[in-house]
Amino acid sequence: MRMSKLFAPTLREVPAEAEVVSHQYLLRAGYIRKTAAGVYSYLPLAWRVLHKIEAIVRQEMDRADGQEVLLPVLHPAELWQESGRWDVYGKELFRLKDRHERDFCLGPTHEEIITALARGEVSSWRDLPKRIYQIQTKFRDEIRPRLGLIRCREFIMKDLYSFDRDEEGLANSYQAMYEAYSRIFTRCGLKFRAVEADSGAIGGTGSHEFIVLAETGESVIAYCEACNYAANLERAITAPVTEAAGEEQLPMEKVSTPAQHTIEEVTSFLQVAAKKLVKTLIYRAIYRDREQLVAVAVRGDRDVNEIKLKNALDALEIELADAATVEEVTGAPVGFAGPVGLNKVSIMADPEVIVIVNAVVGANEADAHLINVNYGRDWTASQVIDLKNVTAGDPCPHCSASLKTTRGIEVGHIFKLGTKYSSALKATYLDESGQSRYIIMGSYGIGIPRTMAAAVEQCHDKDGIIWPVPIAPYHVTIVPVNYKDDRQRQLAEEIYAELMAAGVETIIDDRDERAGVKFKDADLMGFPLRITVGPRSLNEGKIELRLRADGTTWLVDKTEVVTKVQTEIAARQP
RNA sequence: CGGGGCGUGGCGCAGUUUGGUAGCGCACAUGGUUUGGGACCAUGGGGUCGUAGGUUCGAAUCCUAUCGCCCCGACCA
């Protein structure tokens, strides 16, 4: 490709709307342009990168017995009503009507479509297993699109659905996908971790997320370097605490703590560690037909994990109760709630709380706390269940080594669905004994543009993108320092022709621009290799080959350029 | 949806407080000088100041409404 013809307008300045590096560089280097909030046009360079990612995904899906199809974007409401998600999916679903006032939506995911397809076409155990996938544009009316390509309202996703006869079959499919995903992201040249995830509203019995490690990510994960434990913070757990040793239980006592509301205030006022405090929060749990208030007790140095709480309560939504409600329930202003004598609501306690000896808790009256509170003697919970966020340094639940935390971008998610959709949509097959059974399903997604953005988040420097070779839009760019110089131009064109003939994906910067401009653009666009044709090396009869990643430069003979380029590219294909 | 911020040429911004008919840098075009890390000089083109009402002799500027965009939160494969 000739730079003079390439449609990749670069920007010197950072557009004001771009906050994260992937967004900034993809805009500046001419890969994408925004069409509306969370809706982007992919320009030629981006489209090449996306194709490369898709090609890797296809190969691995096919290798794992996936079969590619293309399903509709436009979904009739009936299928979504049948699964119940027409109501449940909420405002995130893009809805529309046709000219006859019939309801449709734009597909945010395709469980309904694929399950409806399967129920018509799969009838016997002989038809299973099947693994069907597509790469297709999805629509989700996100509450807040953000971070450029990382959270869009329209995006390309690979989604595969597995259909099995039983749990064992599902386990096979799930494992096959787990391995395929690991290969995909490895082949894309990305640093990632597969983590245990909350399966959320999608439901099912198991789920892993594939997280590309990057500081700007929306996900926080906890992982152990000593064993292979890794989980999204939403569901990460820590090894159970053992009984605190030795300390003798003292008589409970009320102390005055005027205007000491927060954990920090109380710990410094009473000179006790936050670990000795019980943080008591009042939550409102919302169900389909009712609401319920609960008190949640975690250790003073902990944060409540609202996902765990929501799951434990099996509620549709949960939210912190407002100040008036807290006062009504506890009889005290916010900041003085405690589990002792709290009888208007049930109490859910984190296991760490009940082993504290001589704890400090709110007294349920203004400006007072209780000290030397002990579980069992002074109060009891209606349920003791893990409700906290783990933090770095907590012991690993598997091996007790110290957990670490890091941020990342969720690029893939695999779910065991079980019969959630097959039962709702009546997708059954006849087993070997002639009995009708629901098909056991799994669903497995990869965000393609998000993967591209995640790669940029992970692979860049102050000058621009540094593409991993497997997903780079072009492998090498040739920069004649002065294209108008006959000798440089001829040699550059010669090398270009040779590389093209050898099948190397090459750009030649044939623009009448100053060298600096071409270098800057090449760095910004992130091609892994750069060939510089200029007087310096030309006078020695050599060509310069430079590695974008670390600036390594080789002076090679003209006749060896193609081989050297091919060698360096091959060396960087995981 | 709650909180905050912003809409002025393709991009980045000034001008708004104090109303007087739009400006700077980049990019773009032409000519010249340059040419190994975003050159310089000269000339030039391009903007109903998001939109709609209102106030006023006069509105980018004041008022009202509305649309769009960004950030934080809630939410979310």
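Every chain is numbered from 1, with letters handed out A, B, ... down the list of sequences.
Contact of A:R146 with B:rG73 (side chain to base): no donor-acceptor pair of N or O atoms is detected under 3.5 Å. At a cut-off of 3.5 angstrom, counting only N and O atoms as typed in the model, there is a donor on one side and an acceptor on the other between the side-chain of A:E13 and the base of B:rG25. In terms of polar N and O atoms assigned as donor or acceptor, the side chain of A:R144 never comes within less than 3.5 Å of the base of B:rG4 in a complementary pairing. Not a single donor-acceptor contact under 3.5 angstrom links the side-chain atoms of A:D463 to the base of B:rG37.
As rounded to whole Å, 14 Å separates atom P of B:rC72 from atom CD of A:E142. The nearest whole Å value for the distance from the CZ atom in A:R28 to the P atom in B:rA27 is 13 Å. In this structure, A:E513 places its CD atom 13 Å from P of B:rC40, rounding to the nearest Å. Remark: P of B:rC76 and CZ of A:F155 are 15 Å apart, rounded to the nearest angstrom. Atom NZ of A:K91 and atom C1' of B:rC76 are 14 Å apart (whole Å). Whole-Å rounding puts the A:D509 CG to B:rG37 C1' distance at 13 Å. Nucleotide B:rC76 holds its C1' atom 9 Å from the CD atom of A:E234, rounded to whole Å. Here B:rC72 presents its P atom at 12 Å from CZ of A:R151, a figure rounded to the nearest Å.
Using a 4.0 Å heavy-atom distance criterion, A:V14 is classed as a sugar-phosphate-only contact. Using a 4.0 Å heavy-atom distance criterion, A:K138 is classed as making no nucleic acid contact. Within the 4.0 angstrom heavy-atom criterion, no nucleotide atom of any strand lies near A:S219. Residue A:R530 is in base contact, counting any heavy-atom pair closer than 4.0 Å across all strands shown. Here A:D521 lies in heavy-atom contact (under 4.0 Å) with a base. Here A:P9 lies out of heavy-atom contact (under 4.0 Å) with every strand. Within the 4.0 angstrom heavy-atom criterion, only backbone atoms of the sugar-phosphate kind lie near A:L147; the bases stay farther away.
Taking a pair to require two hydrogen-bonding distances under 3.5 Å in either a Watson-Crick or a G-U wobble arrangement, B:rA52 pairs with B:rU64. Across all strands shown, the partner of B:rG44 is B:rC28, judged by Watson-Crick or G-U wobble contacts whose two distances both fall under 3.5 Å.
Picking from B:rG38, B:rC76, B:rC11 the nucleotide with the shortest atom distance to the side chain of A:P15 gives B:rC11. Among B:rG12, B:rA77, B:rC75, the nucleotide with an atom closest to any side-chain atom of A:R140 is B:rA77. In the set B:rC1, B:rG37, B:rU35, B:rG37 carries the atom at the smallest distance from any side-chain atom of A:R546. Here the side chain of A:I143 is nearest to one of B:rG37, B:rA74, B:rC70, namely B:rA74. The nucleotide whose nearest atom lies closest to any side-chain atom of A:K34 is, among B:rC70, B:rA77, B:rG38, B:rC70. Listed nucleotides B:rA77, B:rU35, B:rC71 differ in distance to A:M157; the shortest reach to its side chain belongs to B:rA77. Counting only heavy atoms from C-beta on, A:D523 has its side chain closest to B:rG37 among B:rG37, B:rG38, B:rC76.
The aromatic ring centres of A:H23 and A:Y31 sit 6.0 Å or more apart. Aromatic ring centres of A:F527 and A:W467 lie farther apart than the 6.0 Å criterion allows.
Here the separation of B:rU16 from B:rA39, taken at their C1' atoms, is 36 Å to the nearest Å. Here, B:rG5 and B:rG19 have their P atoms 23 Å apart, quoted to the whole Å. Atom C1' of B:rU17 sits at a distance of 24 Å from the matching atom of B:rG53, rounded to the whole Å. If you take atom C1' in B:rG15 and the same atom in B:rA60, they sit 8 Å apart, rounded to whole Å. Spacing between B:rU61 and B:rU55 at atom P, rounded to whole Å, works out to 15 Å. Separating the C1' atom of B:rG7 from that of B:rG12 is a span of 14 Å, rounded to the nearest Å. Comparing B:rG25 with B:rC71, their P atoms are spaced 30 Å from each other, to the whole Å.
When all heavy atoms of A:M3 and A:I507 are compared, the pair lying nearest together is SD-CG2, 3.9 Å.
Judged by distance alone, the side chain of A:D303 and the main-chain N or O of A:N389 form no donor-acceptor pair under 3.5 Å.
With sequence neighbours left out, A:Y444 forms a ring-ring contact (aromatic ring centres under 6.0 Å, His included) with no residue at all. Every residue meeting the ring-ring contact (aromatic ring centres under 6.0 Å, His included) condition with A:Y178, not counting sequence neighbours, appears here in chain and number order: A:H208, A:F210.
Within a 6.0 Å radius of NZ in A:K558, no more than 12 heavy atoms belonging to other residues, nucleotides or ligands are found.
Residues A:I307 and A:P145 both approach RNA chain B. Their nearest nucleotides, taken by heavy-atom distance, put A:P145 toward the 5′ side.
For A:K462, no side-chain nitrogen or oxygen approaches OP1 or OP2 of B:rG37 to under 4.0 Å.
Ring geometry for A:F415 versus A:H413: interplanar angle under 30°, hence parallel rather than tilted (30 to 60°).
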